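Here's the structure we're looking at; comments come further down.
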Amino acid sequence: MKKLINDPSKVVDEAVAGIAAAHPELRVIEDPPYVIARRDAPRPGRVALVSGGGSGHEPLHGGFVGHGMLDAAVPGPVFTSPTPDPILAATKAVDGGAGVLHIVKNYTGDVLNFETAAELALAEGIEVESVVVDDDVAVKDSLYTAGRRGVAGTLLVEKIAGAAAERGDSLAEVAAIARRVNAQVRSMGMALTPCTVPHAGEPSFDLAEDEIEIGIGIHGEPGRERIAMEPADGIVDRLLAPIVEDLPFASGDRVLLFVNGMGSTPLVELYVVFRRAAEVLAAQGIEVARTLVGSYVTSLDMQGCSITLLRLDDALVELWDAPVQTPALRWGR
Amino acid sequence: MKKLINDPSKVVDEAVAGIAAAHPELRVIEDPPYVIARRDAPRPGRVALVSGGGSGHEPLHGGFVGHGMLDAAVPGPVFTSPTPDPILAATKAVDGGAGVLHIVKNYTGDVLNFETAAELALAEGIEVESVVVDDDVAVKDSLYTAGRRGVAGTLLVEKIAGAAAERGDSLAEVAAIARRVNAQVRSMGMALTPCTVPHAGEPSFDLAEDEIEIGIGIHGEPGRERIAMEPADGIVDRLLAPIVEDLPFASGDRVLLFVNGMGSTPLVELYVVFRRAAEVLAAQGIEVARTLVGSYVTSLDMQGCSITLLRLDDALVELWDAPVQTPALRWGR
Amino acid sequence: MSLDADWTRRWIVLVADRIAERKAELTHLDRDIGDGDHGENLDRGFSAVRARLDDLDAAATPGAILKLVATTLISTVGGASGPLYGTAFLRASTAAGDAETLDDVLVDVLRAARDGIVARGKAEAGDKTMVDAWSPAVEAAAAATDARSALEAAATAAEAGAAATEPLVARKGRASYLGERAIGHRDPGSESTALILRAAADA
Amino acid sequence: MSLDADWTRRWIVLVADRIAERKAELTHLDRDIGDGDHGENLDRGFSAVRARLDDLDAAATPGAILKLVATTLISTVGGASGPLYGTAFLRASTAAGDAETLDDVLVDVLRAARDGIVARGKAEAGDKTMVDAWSPAVEAAAAATDARSALEAAATAAEAGAAATEPLVARKGRASYLGERAIGHRDPGSESTALILRAAADA
Ligand SMILES: Nc1ncnc2c1ncn2[C@@H]1O[C@H](COP(=O)(O)OP(=O)(O)O)[C@@H](O)[C@H]1O
Ligand SMILES: Nc1ncnc2c1ncn2[C@@H]1O[C@H](COP(=O)(O)OP(=O)(O)O)[C@@H](O)[C@H]1O
Ligand SMILES: [Mg+2]
Ligand SMILES: [Mg+2]
Ligand SMILES: [Mg+2]
Ligand SMILES: [Mg+2]
């Protein structure tokens, strides 16, 4: 394992300190560690957004704190949901009196810990709504499992709900928009290589030089199937087909196409992937109206990518285009 | 070699097609391949900026085309300077009558090919100025070598000169500002792993699991020295010391601190690096007034990072803060 | 010897020791079908528990000790196992009430712990989770004649239950994403449950 | 047999063949002390030259052929070697003028090529570049008595010059960044120069 780190058990501490040093518009609450909040929070009368989860998915979530997106992010240990304490601290720190929306990726740990924090916040008189994101079509038979995972689609929920909160929507409205985005977004990922959790020191699974995993999550868990390595175009087709079938997306739909890198994938490869995905969608009469390409929802140093499609309507386009000013996503300001 | 690509000899073609598909505000000139230009170019009466060089450093340069930065980028084959033809085509396509600035990284191939293109442009009546960027302090004895390499500092030259062009400065003024940035910027990089050029199919050098390279460039060339792997803090100290000594940067200076990933380095590690760099500079009385963290000037799938310092003054801060709207760098619009 | 406060402390310290010892093994099980952190998670939690035990009033009842374990796990473990074990110890503490020893309430305490996990996690028997160790343990303890043999029976049943998760497909937790690929691997949470209950028998 | 247009074509085609054959080897040399693309670069260029040779007027002089090589290399190779070899062939073409054969102007042609490289790249002898193959080749050719033996002498001298780059520290091109670490490796451009001149002797 070769990483630019010091003590493996200090990676999250030091990365959060780095985020604080690099982005003076953010404020890090040290006790309980670690809450990354907007410096201008709480904003009286505005709904506040809190998200969080295990670390190792950077820039998710800390890199999305700022104007038009999250009010606070709560990073847990690597790949481990934070406990209720910092989630509660974040909720209290950013509540401006209009209530707080928790955006939770659908993992047992995240759901349970956010649930407890929400109960505690409620007991302290803070109104909390929770939206659970579960966009990953790789999990089949979701009735017989812990359900679909929340993966790259989480970013889209955070951006669009954040824009709604910024313009002054009520908690119920912001939550409804977040749920609508979640209902319209689908993702699927793949890995060329596993990732290595710093304190584990060994790869999260073994993969031969001629094998890839299709349908991976973002915690280094193995995927839905292991297949022989193939050219990018074939991989894109394998990812897109179940996404399109699932919602389903159909000819005439307008979509946001998001090609996401898993952490160690060079941008040049993501563009090769994007090219094919755009080509396939065009052939199906699906209009790519908005795009995003980059490593935004990652899995430490995993090599691979995920593809996310969000069905758009005018209201969602307006919210997507609205100004955002965060370390990792920024436009219009 | 595991990469999200199809035919290794088509990587640049397909990535450029992906960039065009993902960013409708850009225009790709197909013949001669490939020029990536602002759709709104040429802009009458404004100085235009053209940069380029071998591919494999994405988002440099194509990701920096847009309002407030480059007017066109000319990507060559992987790690190989483009020929004069597309550089000339780019120059002609974006010239708005106020002249064109060529921003060239200091490599023999880049300098020679841009030189030829500039001569040909001049012969066609286009005024061209060239600025050669050479910010890499890893190259010692630059009098007895091909000179210092242009590395991550190139992004800062492009951003700041682009802002000057956008506000309407003359060609002489824009060129002078670009040269001033180059005179004030210093970088140094390191690699945990080599990169693999697609058509070569094997790593650009061999590095044992317990070794790292200090003082690498961005073309997979080995570095200044090979040392035993060490914690991030030690690595940061090794990179920063020669940077600070070189200009030199001194107590009281205001700087922009740019921590850059080499392509396969997870963001979380870049923040660990940033934390230490900020700490060391603070201890030396050097004020970090602006920051940038991310994989912006890369070397395919190399793991590693570089650190860049730019000495700021009010004029440079104003140009850095000015609006920019490109695929990879965007704010204020 | 009764299951008094001293025993409760000995038990918890033994759990902390054995988790520290077997951390890598638990994490390895989790690497195979989860995200490779179960040992780390529990070790972080029980290390914190151990540190806080010393601050506890010397006169603390077994119920008070179990409550400290619960709140500490909830606020330090995170992940799925943090709230689940936290709820288990919280419900156990409530079932223990103010009793000076657990001898007479042992089965109620174990059942309350199990029910708490089921209430939070909604797993059923056979879903390949820690419930598959807890449920047989509760049944075995209920059938025993005294507290000591109940602990021994619970530990043995939990160990068998953990082993019996191996052929299963998971329907809860991260392993459920793997479908058939989870077959042949033991559920890490069922193994840590067996560890906790074996420590109770040995304490 | 004279160094006429036919010979010139044969020479260039032979260069294209040999570069295609030895592409990996040239790239490998460049991997050691450069950026691992020299073989690719030249193969891209000479493949394009080969394709365009067919379009050339059958009556083209040696000078016209060399000019075609020059412009094609300039517009297809890129990197450092593209403009350098491009300038070399351009100057060679100028030196050849309208001559029907190169026999009488061969040394001038070779010298013009070498001088073009030096003018563009500013390398001196001993800087570990292609100049270290070109310069001894020009001297050896100048000392020969006829065109054929001049070509043979040039090829041999270029090969020796290429081999002699191995112990050098580079002062130009990418290898110059390596300092002492370049010692022991042959400069790829000097090797491709030797290949080009050996092909001339064999054509
Ligand atoms: N819904 C559930 N009900 C009961 N136990 C569960 C449930 N989900 C997960 N578990 C248990 O939690 C264990 C995993 O814990 P841990 O690795 O610490 O958390 P995480 O899965 O969040 O990384 C599993 O092995 C399983 O025994
Ligand atoms: N300034 C120079 N003068 C003469 N030859 C040079 C100079 N710089 C580089 N070269 C030659 O170019 C060769 C490298 O060519 P190539 O690999 O195709 O280009 P690049 O270095 O741009 O990747 C070197 O081996 C060397 O012989
Ligand atoms: Mg976990
Ligand atoms: Mg090159
Ligand atoms: Mg786990
Ligand atoms: Mg080269």
Side-chain angles (χ1 to χ4, degrees), chain A residues 2-7 11-12 14-24 55-56 58-59 63 192-193 209 212 229 231-233 235 257 259 263-276 278-279 288 291-295 298 300-301 303-305 325 327-328 330-333, chain B residues 2-7 11-12 14-24 55-56 58-59 63 192-193 209 212 229 231-233 235 257 259 263-276 278-279 288 291-295 298 300-301 303-305 325 327-328 330-333:
Chain A
K2 264 186 184 176
K3 289 177 184 290
L4 285 168
I5 60 173
N6 297 297
D7 179 348
V11 172
V12 177
E14 296 186 351
V16 170
I19 291 173
H23 307 291
S55 290
E58 292 70 20
L192 295 171
T193 66
E209 183 56 34
I212 58 176
M229 178 66 195
D233 284 0
I235 293 171
L257 169 58
V259 170
S264 281
T265 307
L267 189 56
V268 63
E269 297 180 28
L270 298 181
Y271 278 115
V272 169
V273 166
F274 190 96
R275 177 198 137 277
R276 174 64 174 186
E279 181 177 277
V288 175
T291 66
L292 189 66
V293 184
S295 293
T298 63
L300 292 172
D301 55 352
Q303 279 181 31
C305 71
Q325 184 176 353
R330 193 166 168 182
W331 57 73
R333 261 172 77 101
Chain B
K2 266 183 178 178
K3 289 178 184 289
L4 287 168
I5 61 171
N6 297 296
D7 178 348
V11 173
V12 176
E14 296 186 351
V16 170
I19 290 174
H23 306 292
S55 290
E58 293 69 19
L192 294 171
T193 66
E209 184 54 35
I212 58 178
M229 178 66 194
D233 285 0
I235 292 171
L257 168 58
V259 171
S264 281
T265 306
L267 190 54
V268 63
E269 297 179 29
L270 297 182
Y271 278 116
V272 169
V273 166
F274 191 94
R275 177 199 137 276
R276 174 65 174 184
E279 182 178 276
V288 175
T291 66
L292 189 66
V293 184
S295 292
T298 64
L300 291 172
D301 56 352
Q303 278 180 34
C305 71
Q325 184 177 351
R330 194 165 166 183
W331 58 74
R333 262 172 77 102

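Computed from a prediction, not measured in an experiment: that's the story for all the values here.
Under the 4.5 Å side-chain criterion, counting only non-hydrogen atoms from C-beta, A:S55 is not in contact with B:V268.
Contact of A:A278 with chain B is made through the side chain alone, with heavy-atom distances under 4.5 Å. For a residue to count as touching a neighbouring chain, one of its non-hydrogen atoms must lie under 4.5 Å from one of that chain's; by this rule B:I235 touches chain A with the side chain only. Using a 4.5 Å cut-off between heavy atoms, A:T265 touches chain B through backbone and side chain atoms alike. Heavy-atom distances place both the backbone and the side chain of A:R330 under 4.5 Å from chain B. Residue contact with chain B, scored on non-hydrogen atoms closer than 4.5 Å, is absent for A:V16. Heavy atoms closer than 4.5 Å to chain B are found in the side chain of A:P327, but not in its backbone. Contact annotation for A:Q303: only side-chain heavy atoms (C-beta onward) come within less than 4.5 Å of a heavy atom of chain B. Looking at A:V273, the atoms closer than 4.5 Å to chain B (heavy atoms on both sides) all sit in the side chain, from C-beta outward. With a 4.5 angstrom heavy-atom cutoff, B:V11 touches chain A via backbone and side-chain atoms both. The parts of A:I5 that come within reach of chain B are both its backbone and its side chain, each placing non-hydrogen atoms under 4.5 angstrom from that chain.
Going from atom CD of A:E58 over to atom OH of B:Y271 covers 9.0 Å, rounded to the nearest 0.5 Å.
Ranked by non-hydrogen atom pairs under 4.5 Å with chain A, the options B:H23, B:E279, B:Q325 are led by B:H23. Listed options A:E209, A:R276, A:M229 were ranked by heavy-atom pairs under 4.5 angstrom with chain B; first place goes to A:E209. Taking chain A as the reference chain and counting heavy-atom pairs below 4.5 Å, the highest number among B:G294, B:P231, B:S264 is found for B:S264. If you tally non-hydrogen atom pairs under 4.5 Å between each of B:L292, B:D233, B:L257 and chain A, the highest count goes to B:D233. Here B:I19 is the residue among B:V12, B:V293, B:I19 with the most heavy-atom pairs under 4.5 Å with chain A.
Across B:L4 and A:G304, no two heavy atoms sit closer than the pair CD1-C, 4.1 Å. Closest of all the heavy-atom pairs between B:A17 and A:R275 is CB-CD, 3.7 Å. What you find for B:T291 and A:A21 is that their closest heavy atoms are CG2-O, 4.4 Å. What you find for A:P59 and A:S295 is that their closest heavy atoms are CD-O, 3.3 Å.
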Quiz item: What's the verdict on side-chain contact (heavy atoms from CB on, under 4.5 Å) for A:L192 and A:C305, showing C-alpha distance, side-chain angles and the deciding distance?
Solution: CA-CA 9 Å; A:L192 295 171; A:C305 71; over 6 Å; no
Quiz item: Yes or no on side-chain contact (heavy atoms from CB on, under 4.5 Å) for A:T298 and B:L267, after CA distance, side-chain angles and deciding distance?
Solution: CA-CA 9 Å; A:T298 63; B:L267 190 54; over 6 Å; no
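Panel note: side chain B:N6, backbone A:A232; a donor-acceptor pair is recorded below 3.5 Å.
With sequence neighbours left out, B:F274 forms a ring-ring contact (aromatic ring centres under 6.0 Å, His included) with no residue at all.
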